[in-house]
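To start, the structure under review is shown below, and the notes come after it.
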Amino acid sequence: DITGVATQGRSFAVVNDKYGIFTTDNGAFIVGLTNLTLGPQLPGTSGECTDIAVTDDYILVRNSQIKVYNKDKFTFVKNLETKINTGFVYSKDGNLWGATSTKKLVKFNPKTLETTVISLPVNVYMNDWVYTPCAIAASPTDNAIFFGSGKNIYKYMIGDASSLEEPFAFIPENIKTYNMYGAGIA
């Protein structure tokens with residue numbers, strides 16, 4: 001209960017050595033790291049706020065849409081038109097990624113905030129029933145994004161659509177009781 005209303009935490013991201021952002025099902029809040037104090041709510045955030053990304057210039061908060069804030073002043077900049085259902089991860093090339101539940105990966109340029117939508121042959125698995133952390137993962141060695149779909153894990157080698165033709169890994173069909181849940185592959 002951080003706002004006088006029952007609230008559940010979702011994500012936390014460090015903005016700089018003094019501040020972080022904490023998202024909840026009742027908005028996003030600035031957190032003072034020096035004395036661990038809860039600061040004000042980010043302007044315009046209300047209800048379910050989930051995933052957060054911090055770039056050199058911006059803070060992106062996934063609310064009903066992606067809200068962009070100035071990283072230094074915590075002021076609202078704009079809403080992005082592109083929507084995602086899960087995010088955010090950084091690929092080796094420095095771009096930010098999210099995904100929709102409708103066969104799309106979304107690449108965000110962290111400087112310009114321009115987006116590029118990549119169509120996929122399968123849906124990206126995510127839990128629509130309860131908030132869980134990001135359902136995609138970035139490779140630590142390759143310029144690639146991993147995501148789950150059903151019992152399959154795909155590795156999208158960025159820029160190579162043929163990398164999506166076959167799953168990278170899978171849960172064998174004879175194992176009926178296992179499936180990806182929540183973050184799945186992070």
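Small disclaimer: the values here were computed from a predicted structure and weren't measured.
A single hydrophobic cluster is not seen to contain both W97 and I84; linkage of ILVMFWY side chains at heavy-atom distances under 4.5 Å, directly or through other members, places them apart. Residue I145 is grouped with residue V124 when hydrophobic side chains (ILVMFWY) are merged at heavy-atom distances under 4.5 angstrom, including chains of intermediate members. Under the 4.5 Å side-chain heavy-atom criterion for grouping Ile, Leu, Val, Met, Phe, Trp and Tyr, I118 is connected to Y154 within one hydrophobic cluster.
A28 and C49 get closest at one heavy-atom pair: N-SG, 3.9 Å. The minimum heavy-atom distance between L96 and A53, with the atom names listed, is CD2-CB, 3.6 Å. Here the shortest heavy-atom pairing between S46 and N63 reads O-ND2, 2.8 Å. Annotation for D142 and S139: closest pair N-OG, 2.8 Å, computed over non-hydrogen atoms.
Two residues are said to be in side-chain contact when any heavy atoms from C-beta on lie closer than 4.5 Å; T55 and Y90 meet this criterion. Taking the side chain as every heavy atom from C-beta outward, L120 and L105 approach each other to under 4.5 Å. In this structure the side chain of V89 never reaches within 4.5 angstrom of the side chain of F147, judged on heavy atoms. The side-chain heavy atoms of L80 and L60, taken from C-beta on, include a pair separated by under 4.5 Å. Side-chain contact between T116 and V106 is absent, with no heavy-atom pair separated by less than 4.5 Å. Side chains of D25 and R10 form a contact here, defined as non-hydrogen atoms less than 4.5 Å apart.
A side-chain donor-acceptor contact under 3.5 Å links N16 to the backbone of K18. Panel note: side chain N143, backbone D93; a donor-acceptor pair is recorded below 3.5 Å.
Applying the 4.5 Å side-chain rule to ILVMFWY residues, one finds V15, Y19, I30, L42, I52, V54, I59, V61, Y69, F74, F76 in the same cluster as I21.
Note that OH of Y58 is 5.0 Å distant from CG of L113, once rounded to the nearest 0.5 Å. The structure places CG of N26 at 9.5 Å from CD of E48, a figure rounded to the nearest 0.5 Å. Expressed to the nearest 0.5 Å, how far CG of N95 lies from OG1 of T115 amounts to 11.5 Å. Put simply, NZ on K92 and OG1 on T141 are 7.0 Å apart, with the number rounded to the nearest 0.5 Å. Between the CZ atom in F146 and the CD1 atom in I153 there is a gap of 8.5 Å [rounded to 0.5 Å]. Taking CG of L164 as the start and NZ of K155 as the end, the distance is 12.0 Å to the nearest 0.5 Å.
Taking the side chain to side chain contact (heavy atoms under 4.5 Å, CB included) definition, one finds that S119 meets it with nothing, sequence neighbours left out. Applying the ring pair (Phe, Tyr, Trp, His ring centres under 6.0 Å) criterion to F170, with sequence neighbours excluded, gives no partner residue.
Listed by first and then second residue, the side-chain hydrogen bond (donor to acceptor under 3.5 Å, both in side chains) pairs that reach into residues 156-166 are D160-S162, sequence neighbours excluded. Residue pairs meeting the salt bridge (Lys or Arg N to Asp or Glu O under 4.0 Å) criterion with at least one member in residues 27-39: none, sequence neighbours excluded. Applying the salt bridge (Lys or Arg N to Asp or Glu O under 4.0 Å) test to every pair with at least one member in residues 95-113, sequence neighbours left out, gives these pairs: D56-K111, D57-K111.
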Are D51 and T23 close enough, and set up right, to give a side-chain contact (heavy atoms from CB on, under 4.5 Å), and what steps lead you there?
CA-CA 7 Å; D51 305 309; T23 60; over 6 Å; no
Could you please spell out the steps behind the side-chain contact (heavy atoms from CB on, under 4.5 Å) verdict for V68 and F108?
CA-CA 12 Å; V68 180; F108 298 87; over 6 Å; no
Determine, step by step, whether N152 and V122 satisfy the side-chain contact (heavy atoms from CB on, under 4.5 Å) criterion, reporting the C-alpha distance in whole Å, the side-chain angles of both residues, the deciding distance to 0.1 Å, and the verdict.
CA-CA 10 Å; N152 296 318; V122 296; over 6 Å; no
